[in-house]
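For the numbers below, each heavy atom of this structure counts, side chains included, while hydrogens, waters and symmetry mates do not. We name chains A, B, ... by the order of the sequence lines, and we start the count at 1 in each one.
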Amino acid sequence: MPAVASFRARASAPAPEMPSFSSGASPQKQQHNARRKQLIRQQRKSLPIASVEKRLVDEVRKNDTLIVVGETGSGKTTQLPQFLYDGGFCQDGKVIGITQPRRVAAVTVAKRVAEECNDQLGRKVGYSIRFDDSTSNATRIKYMTDGLLLREALLDPLLSKYSVIVVDEAHERTVHTDVLLGLLKKVQHSRCLHANKNGKISGRPDHSQSSTLKACQGIKIAPLKLIIMSASLDAKCFSDYFGGAKAVHIQGRQYPVDTLYTYQPESDYLDATLVTIFQIHLEEGPGDILAFLTGQEEIESLERLIQERARQFPADSSKIWITPIYSSLPSEQQMNAFKPAPSGARKVVLATNIAETSVTIPGIKYVIDPGMVKARAYNPVTGMESLIIIPVSKAQALQRSGRAGREGPGKCFRLFQECEFDKLAESTIPEIKRCNLANVVLQLKALGIDDIIGFDFMEKPSRTSILKSLEQLILLGALTDDYKLSDPVGKQMARLPLDPMYSKALIVSNEFKCLEEMLIVVSMLSVESIFFTPREKLEEARAARKSFESSEGDHITLVNVYRAAAECLEKSKNANAKEKTMEKALNRWCFENFINYRSLRHARDVHSQIQGHVQQMGLNLSSCGDDMVQFRRCLTAAFFLNAAMRQPDGSFRALATGQSVQMHPSSVLFRTKPDCVVFNELVRTTQNYVKNLTRIDPLWLAELAPQYYATED
DNA sequence: GAGCACTGC
């Protein structure tokens, strides 16, 4: 066991603002109602942003683009749109759009603002996220996810119904935010030219804008106001990107957080976390502890270690109550982290990154930050994705420490030396530089942006990564040989909110008369893991899966699961059950069959959305019935880029890249010896693994994908 | 015989 970690203090900086879950309490009595209104008025008035309302609105009037840096608790997300509404930015029925990176934020903030406006949600104030639209013609303040606004741009390239677009949490730099910023810059430019043209002021002709401009000729349209909101202090990069746009700073309201570092480097951060938890528990005053770990496995093993250590304490000492929280944990168990600790006990929340931005846990006074994070990495040359544990960035560390100062002064224990903090990267590498770009490229092409390499990204992805995506889209038939969006295949693919390879699979399956089966497959492949295998019930989980297994592979197994679930719903429907009862029955069925209910629910949502799209495209919901050869041939035609051949040593060779890969043990084919498979996922962990497999006849490759395999023997 | 942070359309 290493020596007890010891710490020294350094003044902390405020952390960025995060949306938090509102309690959603609904007033019942009128008196209660009046009190609540009064309270809301007071709260609004006391927000730091309230004192600069007039100045802010003036700045938006004067500047086409404004950068707003707002610290935690400044109220920018809820207040600024209301200021703009009151300032007359919704005249002529125009809408103020506010984008968020996360669905839950769009919903909770919209609810809060509707309440502040004393109006029903969905009228003046609404939200729109995938699968859930709560807006109407009357909506003037619209909260939405950034990805949804990108989709809207496909239908309305000038985003003509918006007078102002506010991009919130821009510092997070998600792929969607980055693409949106590039697009908005272009749209703003187009609308400016357009307005000038209509006003008989001659704008310089701009050929890059011609397609979008042409689409909107004859429509009266005003310039677009852009507001970029960021919580971090890096306003300069946004300002530079938008031609030196003005930046304003809004004070936050956050309690001070004492930050402490270790004197020595810690070789084992898990053990150091364990030691620090007990150090806080024994030496510090009341308050809950939040420890950031990298994944489920670390959380589970630390939980066991804490319990072991706690047993060595005298029975009358105060107790520790451990609540893990990570994304794949079923919601009921996640909720424990939000409950107060039993009296006399201290709550210790062991969390992944989920507690960094996505959820705010009440009662936290102490944060433990080992300074590591599990991050996705992508190799554009091999197409290989992997998850690696790397040091956090400074911005991330600040975000984590800020979690200790939400309700009162707090302390953050960083399990590394102060000199190490100074060496950390300023901010996390934007996602656009570490993911597959096929979807981004397809979207941009569909928006009429032909020159992807020359596109004005805030931070350009590598040339290799862009070229690789272009190449993949050509192979899928979405682009022609001269990099133009193909018609109808490319256009259809761009309309579908799916991975391009899955979109192509749907189009192919229409020709193979098995669209129904493929629709289920791509829906199931588009969501998080369907099977839930708790460590302590491994055998039971395996037995449950057996009843769905197909010897042909994982794709047909997924179809079987989906259909069994649909049958379960059908049964309770025939028993005239209400929707709520039906969902309950499905939930129970999932539990009994070791299926992740949340994932299945999500897959059903995707299924119904995509079904709507393909029907609109005029495709037929055909089924191949029991002809599984036909379906496997279809999978081959769709996923030919992901084919692998068995080698004499039992490993596989991915045909497109020549990489040596292994079957993942989670595949139903794992104990069998197929000669040739198509797969959907290639991940690197301890070795290269392929997941979601179906066995195919190797001869089908040359027959069904001759453009790719004809020259190979 | 492995193990997967987090989002989003």
Self-check item: Nucleotide B/dT7, atom P - distance to NE2 of A/H602 in whole Å
Solution: 11 Å
Quiz prompt | Length of the CD-C1' vector between A/Q687 and B/dA2, whole Å | solution = 9 Å
Quiz item: If you look at every strand shown and take non-hydrogen atoms under 4.0 Å, does A/L387 touch a base, only sugar-phosphate, or nothing?
Solution: base
Quiz prompt | Nearest listed nucleotide, side chain of A/E297, among B/dC9, B/dG3, B/dA5 | solution = B/dG3
Practice problem: Tell me which of A/R671 and A/L496 sits closer to the 5' end of DNA chain B, going by the nucleotide each one is nearest to. | Solution: A/R671
Quiz item: For A/H664 and B/dG3, what is the distance between atoms NE2 and P respectively, to the nearest whole Å?
Solution: 6 Å
Quiz prompt | Minimum-distance nucleotide (side-chain atoms of A/T352 versus B/dG1, B/dC9, B/dA5) | solution = B/dA5
Quiz prompt | Out of B/dG3, B/dC6, B/dC9, whichever nucleotide has its closest atom nearest the side chain of A/Y689 | solution = B/dG3
Quiz item: Counting any heavy atom closer than 4.0 Å, what does A/F131 reach on the DNA or RNA strands: base, sugar-phosphate only, or nothing?
Solution: nothing
Practice problem: Ignoring the backbone of A/I354, work out which of B/dA2, B/dA5, B/dC6 is nearest its side chain. | Solution: B/dC6
Self-check item: Distance, rounded to the nearest Å, where A/R434 contributes CZ and B/dC6 contributes C1'
Solution: 10 Å
Quiz item: With sequence neighbours left out, what residues match A/D605 under salt bridge (charged side-chain N to carboxylate O under 4.0 Å, His left out)?
Solution: A/R601
Quiz item: Roughly, in whole Å, what's the span from CD1 in A/I389 to P in B/dC6?
Solution: 13 Å
Quiz item: Counting any heavy atom closer than 4.0 Å, what does A/T174 reach on the DNA or RNA strands: base, sugar-phosphate only, or nothing?
Solution: nothing
Quiz item: When you match A/R376 and A/S526 each to their closest nucleotide on DNA chain B, which lands nearer the 5' end?
Solution: A/R376
Quiz item: Are a donor atom and an acceptor atom from the side chains of A/R414 and A/S401 found within less than 3.5 Å of each other?
Solution: yes
Quiz item: How about A/H664 and A/F679: are their ring centres within less than 6.0 Å of each other?
Solution: no
Quiz item: What is the distance, rounded to the nearest whole Å, between atom CE of A/M501 and atom C1' of B/dC9?
Solution: 19 Å
Quiz prompt | Pairing residues for A/D499 by the salt bridge (charged side-chain N to carboxylate O under 4.0 Å, His left out) criterion, not counting sequence neighbours | solution = none
Quiz prompt | Charged N-O contact under 4.0 Å between A/E459 and A/R173 | solution = yes
Exercise. Consider the side chain of A/R542, meaning its heavy atoms from C-beta on, and name the nucleotide among B/dA2, B/dC9, B/dA5 that approaches it most closely.
Key: B/dA2
Exercise. Starting from P on B/dT7, measure out to OH on A/Y326 and report it in whole angstrom.
Key: 14 Å
Quiz item: Between B/dT7, B/dG3, B/dA2, which one does the side chain of A/R102 approach most closely?
Solution: B/dT7
Quiz prompt | Option passing side chain to side chain contact (heavy atoms under 4.5 Å, CB included) with A/L415 (candidates A/D271, A/I368, A/D268, A/L270) | solution = A/I368
Quiz item: Where the side chain of A/R103 is concerned, which of B/dG3, B/dG8, B/dC6 is the nearest nucleotide?
Solution: B/dG8
Quiz item: In whole angstrom, what separates A/E300's CD from B/dA2's C1'?
Solution: 14 Å
Exercise. Using a cut-off of strictly less than 4.0 Å, decide whether A/S666 has a side-chain nitrogen or oxygen near OP1 or OP2 of B/dG1.
Key: no
